[in-house]
Chemist: 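Before I ask anything, let me first share the structure, which is written out below as structure tokens.
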Amino acid sequence: QVSLVESGGGLEQAGGSARLSCVASGSIFNRCNVAWFRQAPGKEREFVAAISRNGLDTRYADSVKGRFTISRDNAKKTVGLEMNSLKPDDTAVYYCAAKHVILSNQLLRVTPAEYDYWGQGTQVTVSS
């Protein structure tokens, strides 16, 4: 079992930067791929970024590639999302999600239904 708690959201200005953190508890976290998703009002939850259990592989949505960076520290059981050059379209509730995987080289998934554990989310609002 894994519990996830996000933090770091808030009100940001367009062009600015913000950092989200996801703190995990549970014995299997280090055997989980972890992803960030986001959901804007009236829209479906969408993939943002993912990182493999060993931190060596990452994957990004085209909309954030080059602006966002995902990272993890397994010793501290944390996953971060560094967001730069923020745009109003980045406004959403951001969720951390984890998927237990057997192998380190398993493909990083982008569909919410494929993730086993979820945090409660943190709001990020980007003003123009």
Side-chain angles (χ1 to χ4, degrees):
Q1 194 75 4
V2 176
S3 295
L4 304 169
V5 178
E6 303 95 336
S7 63
L11 178 62
E12 309 292 343
Q13 291 204 342
S17 300
R19 179 175 173 81
L20 304 183
S21 292
C22 174
V23 179
S25 60
S27 59
I28 66 168
F29 173 75
N30 292 355
R31 299 195 296 276
C32 291
N33 290 345
V34 178
W36 288 94
F37 289 81
R38 66 187 182 186
Q39 188 166 17
K43 295 187 177 181
E44 293 188 352
R45 194 166 296 189
E46 66 172 4
F47 171 77
V48 176
I51 190 165
S52 61
R53 55 183 266 182
N54 59 11
L56 296 182
D57 294 320
T58 57
R59 187 173 181 179
Y60 296 91
D62 288 343
S63 59
V64 306
K65 201 171 294 183
R67 299 189 299 121
F68 290 11
T69 302
I70 189 171
S71 61
R72 71 187 291 166
D73 184 334
N74 283 345
K76 297 181 179 179
K77 294 187 177 180
T78 60
V79 175
L81 184 68
E82 188 74 31
M83 305 185 295
N84 297 312
S85 302
L86 285 166
K87 304 175 181 180
D89 284 349
D90 295 321
T91 295
V93 177
Y94 283 71
Y95 297 91
C96 178
K99 176 179 175 57
H100 185 210
V101 295
I102 302 300
L103 302 175
S104 296
N105 61 352
Q106 285 188 239
L107 182 66
L108 294 171
R109 303 297 182 177
V110 301
T111 305
E114 296 185 273
Y115 283 79
D116 306 312
Y117 308 101
W118 289 85
Q120 293 301 306
T122 185
Q123 175 72 45
V124 174
T125 302
V126 183
S127 63
S128 58

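One-based numbering along the sequence shown.
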Chemist: Could you pull out all residues at least two apart from Glu46 that satisfy side-chain contact (heavy atoms from CB on, under 4.5 Å)?
Modeler: Arg38
Chemist: Would you give me the side-chain donor-acceptor pairs under 3.5 Å for residues 6-23, sequence neighbours excluded?
Modeler:
residue : atom : partner : partner atom : Å
Glu6    : OE1  : Gln120  : N            : 3.1
Glu6    : OE1  : Gly121  : N            : 2.9
Glu6    : OE2  : Cys96   : N            : 2.8
Glu6    : OE2  : Gly121  : N            : 3.2
Ser17   : OG   : Asn84   : OD1          : 2.8
Arg19   : NH1  : Glu82   : OE1          : 3.4

Chemist: Please tabulate, for side-chain N and O atoms in residues 56-63, each donor-acceptor pair with protein atoms closer than 3.5 Å (sequence neighbours left out).
Modeler:
residue : atom : partner : partner atom : Å
Arg59   : NH1  : Leu108  : O            : 2.6
Tyr60   : OH   : Ile70   : N            : 2.9
Asp62   : OD1  : Lys65   : NZ           : 3.2

Chemist: What about Val48 and Val126, same hydrophobic cluster or not, with Ile/Leu/Val/Met/Phe/Trp/Tyr joined at side-chain heavy-atom distances under 4.5 Å?
Modeler: yes
Chemist: Enumerate the residue pairs fulfilling disulfide (SG to SG under 2.5 Å) with a member in residues 57-93, sequence neighbours excluded, ordered by first and then second residue.
Modeler: none
Chemist: Answer whether the closest heavy-atom distance between the side chains of Val79 and Trp36 falls below 4.5 Å.
Modeler: yes
Chemist: Looking at every non-hydrogen atom in both residues, tell me the closest pair between Thr78 and Phe29 and how far apart they are.
Modeler: N-CE2, 4.1 Å
Chemist: Might you point out which heavy atoms bring Trp118 and Pro112 nearest each other, and give the distance in Å?
Modeler: CZ2-O, 3.4 Å
Chemist: Can you name the closest pair of heavy atoms from Ile28 and Gln1 and give their distance?
Modeler: CD1-N, 4.1 Å
Chemist: Quick test of your reading: applying disulfide (SG to SG under 2.5 Å), list the pairs with at least one residue in residues 31-60, sequence neighbours left out, ordered by first then second residue.
Modeler: none
Chemist: I'd like to check the salt bridge (charged side-chain N to carboxylate O under 4.0 Å, His left out) partners of Arg109; sequence neighbours left out, ordered by chain and number.
Modeler: Glu114
Chemist: Sorted by first residue and then second, give each salt bridge (Lys or Arg N to Asp or Glu O under 4.0 Å) pair with at least one member in residues 118-128; sequence neighbours left out.
Modeler: none
Chemist: Looking only at non-hydrogen atoms, find the nearest pair between Tyr115 and Ala50 and report the distance.
Modeler: OH-CB, 4.0 Å
Chemist: Could you list the residues that satisfy ring pair (Phe, Tyr, Trp, His ring centres under 6.0 Å) with Phe47, not counting sequence neighbours?
Modeler: Phe37
Chemist: In the hydrophobic cluster built from side-chain contacts under 4.5 Å, what are the other members alongside Leu103?
Modeler: Ile102
Chemist: Hey, could you give me each pair passing disulfide (SG to SG under 2.5 Å) that has a residue in residues 41-90? Not counting sequence neighbours.
Modeler: none
Chemist: Indicate the atoms forming the closest heavy-atom contact of Leu4 with Ala98, along with that distance.
Modeler: CD1-N, 3.8 Å
Chemist: Can you name the residues that form a side-chain hydrogen bond (donor to acceptor under 3.5 Å, both in side chains) with Asp73, not counting sequence neighbours?
Modeler: none
Chemist: With distance as the sole test, does Arg67 use its side chain to make a donor-acceptor pair with the main-chain N or O of Ser85 at under 3.5 Å?
Modeler: yes
Chemist: For Val101, check side-chain contact (heavy atoms from CB on, under 4.5 Å) against everything at least two apart and list the hits.
Modeler: Asn33, Arg53, Lys99, Gln106
